[in-house]
Amino acid sequence: MQDSHVPTAIVGKPFDCVFGAFVPRLTYRSDTELRVQASIGGTEIDQVVSVGITMVGPDVILVSWTEKNGNFVVQVHALPQRIVHNVARLADGQLFRGEGSIRPVTV
């Protein structure tokens, strides 16, 4: 297992995780905090969550967090390939799996 640091090049730089119509925006604030922004149906999410991070390869991050509504999310961010893998146990017990693309956001 490697260290648990986010590459400094992406800290503070938002990116979208494109899973078809569902496109959450993530921004690493530090090695321990992530801002999550998303629209799900009529629900808007904009919160800062505590994260667990493990570097599993060169610029490949395994990250997990729990949202205020109880959703537990695990993602792998393969930064060089701009690919995101997602597994989430939703608060209502449903499982959401997806693979998508990482799209940097210019602000």
Side-chain angles (χ1 to χ4, degrees):
M1 192 180 319
Q2 296 185 16
D3 63 27
S4 60
H5 301 286
V6 175
T8 55
I10 65 168
V11 173
K13 297 183 177 137
F15 60 93
D16 290 338
C17 296
V18 182
F19 301 107
F22 178 56
V23 185
R25 179 164 293 173
L26 305 179
T27 308
Y28 285 101
R29 294 171 47 129
S30 70
D31 290 336
T32 59
E33 287 187 333
L34 180 72
R35 183 177 181 194
V36 179
Q37 298 169 279
S39 295
I40 304 168
T43 304
E44 296 288 326
I45 296 171
D46 188 350
Q47 58 188 262
V48 175
V49 295
S50 295
V51 293
I53 297 171
T54 301
M55 294 296 294
V56 294
D59 292 328
V60 179
I61 303 166
L62 174 68
V63 59
S64 62
W65 68 87
T66 302
E67 297 171 353
K68 292 176 187 172
N69 62 5
N71 294 341
F72 177 68
V73 181
V74 178
Q75 290 187 345
V76 174
H77 299 156
L79 300 172
Q81 298 81 12
R82 293 189 174 177
I83 296 172
V84 57
H85 298 275
N86 183 93
V87 178
R89 170 71 62 191
L90 304 180
D92 65 5
Q94 294 183 65
L95 194 61
F96 171 72
R97 290 187 177 116
E99 180 180 312
S101 62
I102 293 173
R103 183 176 59 208
V105 175
T106 40
V107 287

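As the structure is a prediction and not an experimental result, all values here were calculated from the model.
A continuous path of Ile, Leu, Val, Met, Phe, Trp and Tyr side chains, each step under 4.5 Å between heavy atoms, connects Phe15 with Val11, placing both in one hydrophobic cluster. At a threshold of 4.5 Å between side-chain heavy atoms, the hydrophobic network of Ile, Leu, Val, Met, Phe, Trp and Tyr places Phe22 and Ile45 in one connected group. Residues Val56 and Val87 fall into different hydrophobic clusters, defined by Ile, Leu, Val, Met, Phe, Trp and Tyr side chains chained together at heavy-atom separations under 4.5 Å. The cluster map of Ile, Leu, Val, Met, Phe, Trp and Tyr, joined by side-chain heavy atoms under 4.5 Å apart, puts Val18 and Val63 in different clusters. In the hydrophobic clustering of this structure, Phe19 groups with Ile102; members are Ile, Leu, Val, Met, Phe, Trp, Tyr whose side-chain heavy atoms approach within less than 4.5 Å, directly or through other members.
Between the Asp92 side chain and the Gln94 main chain, a donor and an acceptor come within less than 3.5 Å of each other. Between the side chain of Ser30 and the backbone N or O of Thr32 there is at least one donor-acceptor pair closer than 3.5 Å.
The shortest distance between side-chain heavy atoms of His77 and Asp59 does not fall below 4.5 Å. At least one side-chain heavy atom of Ile83 sits less than 4.5 Å from a side-chain heavy atom of His85. Ile10 is listed as a side-chain neighbour of Ile61, based on a closest heavy-atom distance under 4.5 Å.
In terms of heavy atoms, Asp31 sits closest to Ile53 at O-CD1, 3.2 Å. Contact record, Asn71 with Ala91: OD1-N, 2.7 Å, taken as the closest heavy-atom pair. Counting all heavy atoms, side chain and backbone alike, Ser50 lies closest to Trp65 at O-CB, 3.4 Å. Between Pro58 and Pro80, the closest heavy-atom pair is O-CG, 4.1 Å. Of all heavy-atom pairs spanning Gln47 and Lys68, the tightest one is OE1-N, 2.9 Å. Here the closest heavy-atom approach between residue Leu26 and residue Cys17 is recorded as CD1-SG, 3.7 Å.
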Using the rule given for side chain to side chain contact (heavy atoms under 4.5 Å, CB included), can you reason through Arg89 versus Leu95, listing the C-alpha separation, both sets of side-chain angles and the distance that settles it, and then say yes or no? CA-CA 5 Å; Arg89 170 71 62 191; Leu95 194 61; 4.2 Å; yes
Dump the intermediate steps for side chain to side chain contact (heavy atoms under 4.5 Å, CB included) on Lys13 and Val105, then the final yes or no. CA-CA 7 Å; Lys13 297 183 177 137; Val105 175; over 6 Å; no
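Atoms CG and CZ, from Asn86 and Phe96 in turn, are 5.5 Å apart once rounded to the nearest 0.5 Å. Distance check: Gln75 CD to Glu99 CD gives 12.0 Å after rounding to the nearest 0.5 Å.
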